[in-house]
Amino acid sequence: MTRVSLSRLPGERVRAVDGGTDREVPVSDLPAYVTAREAEAPRWVWDDTARWYPSLLAAGVRVQRCHDLRLGHHLLRRAPAVDGRLLAGEESEHWDRLGPSARSDPALFSIDDTAEHLRADLEDARQLAAVAASPEATRLELLLAAESSGALVAAEMTFAGVPWRLDVHERLLTDLLGPRPLRGTRPQKLQALAAEVRGAFDAPGLNPDSRPELLAALRRAGLEVTDTRASSLRALEHPGIGALLRYKQLAHLFSTNGWAWIDEWVSGGRFRPSYQPAGSSTGRWSSNGGGALSFPLQVRPAAVADDGWQFVVADVAQLEPRVLAGMSGDRALARSARGADLYQGMVDDGAVASRTDAKLGLLGAMYGATSGASGRMVADLTRRYPAAFGLVEEAARAGEQGQVVRTLLGRGSPDLGDAWDRDADDPPADPDSQARLRRAYGRFTRNFVVQGTGAEWALCWIADLRNRLWRLGATGTLTSRPHLVFFLHDEVVVHTPAALAEAVAAQAAEAAATAAGLLFRDLSIDFPLNVSIVRSYADAGKPGLTAEPVAPGASRPQT
DNA sequence: TATAGCAGCGCC
DNA sequence: AGGGCGCTGCTATA
């Protein structure tokens, strides 16, 4: 497969290094150039997918595969199995400093002029050499390919957007809050609740949004509270608490996903959040706009497929415990993982008395719980699943000793020094706080290996699904075929013509099996999906709606 | 007046 | 003393 590297040159020109030929093309020729080459399926190599791909998508071009040098550099720099010296060279310090390009302003990508016109071909050669020299070359190649595919998916999802019914969202807001208020004022129903709270606590001037004021009012009413969290308030006995809790819930809806959110993030009937692949240190994506990481249940009814289309919503049941079983090669846990419910599998295997205990113990092991019911379950289960629990325990010990850990495919954790830089201005002096930090870092590395490998599984899943979806639609542009519109850690939403919904659901399951094979080979870990075929995202996961396989044609849109 | 930090909430 | 995120408003600080 050929590699074509693209670099921006000063002015409206692009350097394309193509099988050894170095040529300049005008930016305006780029979509045509990319399309012409796509038939030969090269890998497009560029500094940042988010910088190049949106305009190509707008021009109707779908890129089949790419290598994202920014993501690659970041990854290889921290990969324990890579010799960092091989990444050094001309302009390499600029690649070290490169951050993600901004969602709305690609100009922010640059740190300075040099960074804006980095030579992609030079960096590409270094990365190829660094990988080739690594004893983990095969796994790193898979990881880099998955990471870059993820970047393509992210750009495509932002381009496509989640179908969004403004009327549904606004009706929902009006029903709960009243008509849209003037800027800077509370909506009617929120205002009324605030008045009710003031009355109940006999605090005429109270602003319920102010923590100190609210705490003072609660204390005056004889309630012993130290914070104003809903979970703390729920335990209190007072006639005003109900109104206060309702106020808090609606105030959150108003400020987080109210009219201002619509103005900012919904356009042309689509919600377009922006994604940042590998935005978190574990390799999970983050989001720097639109709040894609917390797509609240309250507003999901507004996500409605187009007429004649449906959503296929698929999520993995207990992704991380399954990943832990796979990466540790724990045969007992792998056996419990056969079937749709891993926790129930643990009960059926006689490892634990109840599903709740199974969950407590497993999550406790992955998060580093040391006390309470969770901590006790960890101790019990360690005897039953020594390989799995040993793996996270070892990762925790490594972290406590200041060592770097890695995911299955070779992503390295940030080192303890970075963690200190992040958390404290001064290097911790006294032994106590140093020990505390080391334990905190140990909990982080413990979770890193599982969460990070889970992220790798998910990347392989969506990368393969992306290709399958493209093949499923015989013709047409990206958004006239089945296409991904949302991804969050272990869940995807595909927008598809209704007639293809069943096929999409099958492809999602096939892609999950492919991902499992790529990461865990012959260990054959099950990754069962919960799949819903729905018109509205809010209906996903509800039993009964899609429990029975739907005959093709039976799943036509309802109104 | 602008900004950083925190609390609280949402998601996995 | 359970991991990872982002967003909002309030609060303190300069």
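Letters A, B, ... are given to chains in the order of the sequence lines, protein chains preceding strands, and every chain is numbered from 1. In this text, all values refer to a predicted model and were calculated from it rather than measured experimentally.
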Can you measure [X] atom [atom1] to [N] atom [atom2] for me and round it to whole angstrom units?
| X | N | atom1 | atom2 | result |
| --- | --- | --- | --- | --- |
| His489(A) | dG4(C) | NE2 | P | 12 Å |
| Glu320(A) | dC11(B) | CD | C1' | 13 Å |
| Phe254(A) | dG9(C) | CZ | P | 8 Å |
| Trp261(A) | dG9(C) | CH2 | P | 15 Å |
| Leu324(A) | dG3(C) | CG | C1' | 14 Å |
| Met366(A) | dG3(C) | CE | C1' | 9 Å |
| Glu456(A) | dG4(C) | CD | C1' | 15 Å |
| Glu264(A) | dC7(C) | CD | P | 10 Å |

* Asked: Partners of Pro179(A) by side chain to side chain contact (heavy atoms under 4.5 Å, CB included), sequence neighbours excluded?
  -> Gln188(A)
* Asked: With sequence neighbours excluded, what pairs up with Ala515(A) under the side chain to side chain contact (heavy atoms under 4.5 Å, CB included) test?
  -> Trp457(A), Cys460(A), Trp461(A)
Which heavy atom of [X] sits nearest to which heavy atom of [Y], and what is that distance?
| X | Y | answer |
| --- | --- | --- |
| Met327(A) | Val449(A) | CE-O, 3.5 Å |
| Leu182(A) | Thr185(A) | O-OG1, 2.7 Å |
| Ser287(A) | Leu293(A) | CB-CD1, 3.3 Å |
| Ala455(A) | Thr282(A) | CB-O, 4.3 Å |

Protein-nucleotides 10-12 of chain C N/O pairs closer than 3.5 Å?
| unit_1 | atom_1 | unit_2 | atom_2 | d |
| --- | --- | --- | --- | --- |
| dT11(C) | OP1 | Ser210(A) | OG | 2.4 |

* **Any Thr256(A) side-chain nitrogen or oxygen under 4.0 Å from OP1 or OP2 of dT8(C)** =>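 For Thr256(A), the contact criterion (side-chain N or O under 4.0 Å from OP1 or OP2 of dT8(C)) is not met.
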* Considering just the side-chain nitrogens and oxygens of Arg443(A), establish if one lies under 4.0 Å of OP1 or OP2 belonging to dG3(C). =>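 Result: yes.
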Under a 4.0 Å threshold between the charged nitrogen and the carboxylate oxygen, would [Y] count as salt-bridged to [X]?
| X | Y | result |
| --- | --- | --- |
| Glu224(A) | Arg219(A) | no |
| Asp341(A) | Arg355(A) | yes |
| Asp96(A) | Arg77(A) | yes |
| Arg284(A) | Glu320(A) | yes |

* Centroid-to-centroid, Trp261(A) to Phe271(A), below 6.0 Å? -> yes
* To do: State which of dC12(B), dG3(C), dC5(C) makes the closest approach to the side chain of Leu488(A).
  => dC12(B)
* To do: Consider the side chain of Ser374(A), meaning its heavy atoms from C-beta on, and name the nucleotide among dC12(B), dG2(C), dC11(B) that approaches it most closely.
  => dG2(C)
* Which is it for Thr496(A) and Gln310(A) under the side-chain hydrogen bond (donor to acceptor under 3.5 Å, both in side chains) test, yes or no, and what are the steps along the way? -> CA-CA 5 Å; Thr496(A) 178; Gln310(A) 300 225 286; over 6 Å; no
* **Five-pair end axes of the helix from dT1(B)-dA14(C) to dC12(B)-dG3(C) and the angle they enclose, rounded to 10°** =>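 Inter-axis angle at the ends, rounded: 10°.
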* Residues in ring-ring contact (aromatic ring centres under 6.0 Å, His included) contact with Trp259(A), at least two apart in sequence or another chain ->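 Partners of Trp259(A) under the ring-ring contact (aromatic ring centres under 6.0 Å, His included) test: none.
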* Under a 4.0 Å heavy-atom cut-off, which of residues 388-408 of chain A touch DNA chain B? ->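 Per residue number, the list is empty: none.
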* **Strand-adjacent residues in residues 191-200 of chain A, judged by heavy atoms under 4.0 Å from DNA chain B** => none
Residue pairs passing the side-chain hydrogen bond (donor to acceptor under 3.5 Å, both in side chains) test where at least one lies in [range], sequence neighbours excluded:
| range | value |
| --- | --- |
| residues 390-401 of chain A | Glu393(A)-Arg446(A) |
| residues 204-213 of chain A | Arg186(A)-Asn207(A), Arg186(A)-Asp209(A), Asp209(A)-Tyr247(A) |
| residues 170-183 of chain A | Arg180(A)-Asp263(A) |

* What are the residues of residues 446-453 of chain A, sorted by number, that bring a heavy atom to within less than 4.0 Å of DNA chain C? -> Asn447(A), Gln451(A)
* Within residues 224-251 of chain A: residues closer than 4.0 Å to DNA chain C (heavy atoms) ->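 DNA chain C contact set from residues 224-251 of chain A: none.
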* Would you mind telling me which residue lines up with the more 5' stretch of DNA chain C, Ala292(A) or Arg284(A), judged by nearest nucleotide? => Arg284(A)
* Output, in order, the C-alpha distance, side-chain angles, deciding distance and verdict of side-chain hydrogen bond (donor to acceptor under 3.5 Å, both in side chains) for Tyr343(A) and Ser354(A). => CA-CA 8 Å; Tyr343(A) 301 129; Ser354(A) 73; over 6 Å; no
* Indicate the ring-plane relationship of Phe295(A) and Trp164(A), choosing parallel, tilted or perpendicular according to the 30° and 60° boundaries. =>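 Aromatic pair Phe295(A)/Trp164(A) classed tilted.
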* Asked: Does a side-chain heavy-atom distance below 4.5 Å link His169(A) with Val299(A)?
  ->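 Yes - at least one pair of side-chain heavy atoms lies under 4.5 Å apart.
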* Counting any heavy atom closer than 4.0 Å, what does Leu319(A) reach on the DNA or RNA strands: base, sugar-phosphate only, or nothing? ->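 Counting heavy atoms under 4.0 Å across all strands, no contact is made by Leu319(A).
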